[in-house]
Protein chains: 2
Amino acid sequence: MSRDSTQASKQRRRSDQITLSQVAQAAGVSPITASRALNHPDKVSESARTSVLEAVEQLGYVPNLVAGSLASSRSKLIAVIVPSLINTVFVEVIKGLQETLEAEGYQILLGNTDYDLDREYQLVRTFLGWSCSALITAGLRHNHACQTLLNNWDHPIMEVMELGKGMDLNVGLDHVAAGRCMATHLIDQGYRHIVYVGARLSQDYRAGMRYEGHKKVLQAKGIEAPLVELDTLGSLQAGAESLQQVLTLYPQTQAIHFANDDLAAGALLAAQRQGLNVPGDIAIAGFNGLPLGQHVTPQLTTILSPREEMGRLAAKELIRRLSGKNVYRRQHDVGFTLQVGGST
Amino acid sequence: MSRDSTQASKQRRRSDQITLSQVAQAAGVSPITASRALNHPDKVSESARTSVLEAVEQLGYVPNLVAGSLASSRSKLIAVIVPSLINTVFVEVIKGLQETLEAEGYQILLGNTDYDLDREYQLVRTFLGWSCSALITAGLRHNHACQTLLNNWDHPIMEVMELGKGMDLNVGLDHVAAGRCMATHLIDQGYRHIVYVGARLSQDYRAGMRYEGHKKVLQAKGIEAPLVELDTLGSLQAGAESLQQVLTLYPQTQAIHFANDDLAAGALLAAQRQGLNVPGDIAIAGFNGLPLGQHVTPQLTTILSPREEMGRLAAKELIRRLSGKNVYRRQHDVGFTLQVGGST
DNA sequence: AAAAGGAATGGTAGCGCTATCATGACAGCG
DNA sequence: CGCTGTCATGATAGCGCTACCATTCCTTTT
């Protein structure tokens with residue numbers, strides 16, 4: 001009877017957005033049938049389904065995902081937390097994740113910790129509040145509060161980048177082994193005075209792990225393993241500057257093992273500008289396998305890490321888990337490849 | 001009386017997560033007061049506030065943002081839609097956005113269209129369903145459905161990357177002018193046989209706009225403006241390969257104006273490998289001002305576009321608008337800078 | 001023919017939070 | 001002393017959707 005809402009005691013609808021009930025009414029079915037037509041199409045008759053879809057089209061209905069998530073306590077959101085977007089490595093992992101997750105209808109909620117574990121905790125708290133269906137985070141290190149919070153969370157957690165025993169799922173590579181690999185290569189090439197150069201190893205602790213591997217190999221041969229730690233972020237510029245610094249501190253240096261390709265390429269290009277011969281005067285090695293390294297002359301010796309692949313695999317495994325399938329392995333090693341160029 | 005829920009007719013709580021009501025009970029206040037203590041701290045007495053915060057701490061309460069958003073039809077989510085993550089340009093804009101938005105407590109919902117406007121429409125639909133408080137999208141071109149959908153949406157919309165009359169807010173630069181700028185520089189340097197090389201200009205239509213500017217300048221001088229369009233994405237590799245192609249198609253070429261620095265740097269490095277002198281045999285220019293261009297020899301002539309700055313400014317203007325302040329200008333030109341290196 | 005099973009649909013009651021209005025307490029005012 | 005205004009708090013009623021159970025109608029089984 002009271003069609004018009006003049007008395008409308010407690011009207012609260014702010015936006016005049018179309019609701020599922022209106023769609024249902026237009027389609028001549030109950031709201032719950034309309035809901036099913038959209039979310040479980042196989043559970044309604046074809047006639048109901050088509051009339052609902054028509055009504056959706058006609059009214060321009062946009063499902064309120066917030067309401068849906070609250071009612072079902074599920075969502076198609078996946079939280080992705082990385083320490084930095086400046087470092088292209090993480091971006092490439094995100095790329096791989098994004099590609100795979102979006103294809104399955106998931107949306108990415110992106111967070112950046114700036115290498116701050118407390119910040120990470122705050123982000124995790126916020127993201128859990130969105131009842132994400134999973135969380136992907138870069139690295140195995142978290143602060144205590146974060147650890148407890150996540151332990152009590154009953155959704156999949158995927159830790160990427162480095163290999164190890166995580167909280168739940170893990171896709172990554174063994175950075176210590178990568179460091180050993182490159183150090184071994186340098187020694188095999190006959191170099192004995194080898195410096196490792198990294199940038200902010202306390203933040204980029206994976207580069208620190210590579211140094212650990214590097215050091216072990218050298219020490220096993222009775223060789224010193226000097227470390228030069230830069231206080232800037234890794235970049236071509238920083239690499240160029242570090243070259244000078246290394247040669248001043250350790251004039252006998254024959255080879256430099258850089259923590260990443262940006263540094264290494266920066267140093268290589270700087271060496272050329274200074275008329276130094278690579279690898280004759282100084283050998284240079286990097287890590288990551290960025291395209292840039294293949295385009296400089298001589299080509300950069302580096303370790304190729306499958307970053308996008310890591311993202312894709314992580315996403316795939318996560319989806320597997322989310323769709324209720326059995327997970328046989330929680331740890332996945334994506335490996336790495338030594339790429340020998342002319343720079344060593 | 002009935003404290004235990006044995007008969008529990010229609011219990012539906014799936015997760016045993018702490019709710020605000022439990023916090024309120026522990027703090028000895030009503031749920032609404034607890035809500036206020038957390039969201040409008042100045043609207044409750046200090047005693048209430050502290051006891052609520054204590055209870056939150058003690059119980060490890062994590063606010064359910066989904067429920068909050070539904071009730072208030074507001075959220076701290078901001079949708080960000082870009083055409084690609086492979087192109088670092090967009091990533092840098094995201095970086096700028098992210099930095100500024102996260103500092104203000106906003107979360108980013110990230111979408112990638114893969115240069116497909118229909119995909120963009122789908123993403124927009126989905127994101128509107130999350131009742132985002134704003135939407136940021138790269139570019140001014142959208143399909144019709146998307147346009148209508150967004151016109152009826154009553155939240156701020158920010159279109160970035162290129163300058164022009166958008167739907168709402170806009171931060172970007174004039175790509176036609178940038179193309180003109182570089183073409184003028186090349187002509188001033190005395191080059192007359194100039195080829196423009198771009199990759200998939202129908203997708204990267206902003207590179208196409210730069211070509212338009214380039215062409216106009218050349219034609220005004222009565223010079224031909226040949227275009228070589230590559231079918232791959234812009235990359236060092238593609239740039240290296242295109243060099244050959246250009247020299248075969250247009251043997252007289254004196255200068256190549258590349259659509260971006262990746263292509264240009266790839267070509268420059270390839271030229272060096274082939275023993276060609278840059279700029280003596282062939283001059284090379286790019287666009288973007290990537291760090292790489294400053295580290296090759298000779299330095300790459302390019303146009304510096306303030307990408308992170310664009311993201312930061314866009315985020316700032318958006319926040320301004322979201323906090324209800326007056327917006328005086330809807331369009332913001334971030335400009336560009338010609339960087340002359342030794343390559344032209 | 002009666003019982004049992006299945007498919008399509010709907011009614012009801014929340015999900016956890018906040019907007020709205022109502023209340024009571026107390027200060028300031030003429 | 002009543003009147004108005006401000007402040008802190010609370011009761012109530014949703015936000016738009018879906019889980020859960022119930023109902024109906026039809027097909028299959030013994």
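Proteins get letters first, then strands, A, B, ... in listed order; numbering begins at 1 in each.
A:L20 comes within contact range of the sugar-phosphate backbone alone, with a heavy-atom separation under 4.0 Å but no base atom that close.
When the side-chain nitrogen and oxygen atoms of A:S35 are compared with OP1 and OP2 of D:dT18, one or more of them lie within a distance under 4.0 Å. An OP1 or OP2 oxygen of C:dA19 is reached within less than 4.0 angstrom by a side-chain nitrogen or oxygen of B:R74. Distances shorter than 4.0 Å separate some side-chain N or O of A:N39 from OP1 or OP2 on D:dT18. Between D:dT18 and A:S72, no contact under 4.0 Å exists linking OP1 or OP2 to a side-chain N or O. Considering only side-chain N and O atoms, B:Y61 lies nowhere under 4.0 angstrom from the phosphate OP1 or OP2 of C:dG16. When the side-chain nitrogen and oxygen atoms of B:T33 are compared with OP1 and OP2 of D:dG10, one or more of them lie within a distance under 4.0 Å. Not one side-chain nitrogen or oxygen of A:S45 sits closer than 4.0 Å to the OP1 or OP2 atom of C:dA8.
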Between B:Q331 and B:L163, is a side-chain contact (heavy atoms from CB on, under 4.5 Å) present by the stated rule, with each step listed? CA-CA 7 Å; B:Q331 250 180 66; B:L163 199 65; 4.1 Å; yes
side-chain contact (heavy atoms from CB on, under 4.5 Å), that's the test. Do B:L53 and B:L38 meet it? Break it down for me. CA-CA 8 Å; B:L53 290 179; B:L38 294 175; 3.7 Å; yes
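Checked against D:dT18, D:dG16, D:dG10, the side chain of B:I32 finds its nearest nucleotide in D:dG10.
For the helix from C:dA1-D:dT30 to C:dG30-D:dC1, the axis fitted to the five pairs at one end and the axis fitted to the five pairs at the other end meet at an angle of 40° (nearest 10 degrees).
The shortest distance between side-chain heavy atoms of B:V91 and B:L85 falls below 4.5 Å. Between B:Y106 and B:I319 the shortest side-chain heavy-atom distance falls below 4.5 Å.
In summary, of the residues considered (A:T113, A:N143, A:T137), a side chain to side chain donor-acceptor pair (under 3.5 Å) with A:E120 occurs for A:T137 alone.
Proximity of a side-chain donor or acceptor of A:T100 to a complementary backbone N or O of A:K316 within less than 3.5 Å is not detected.
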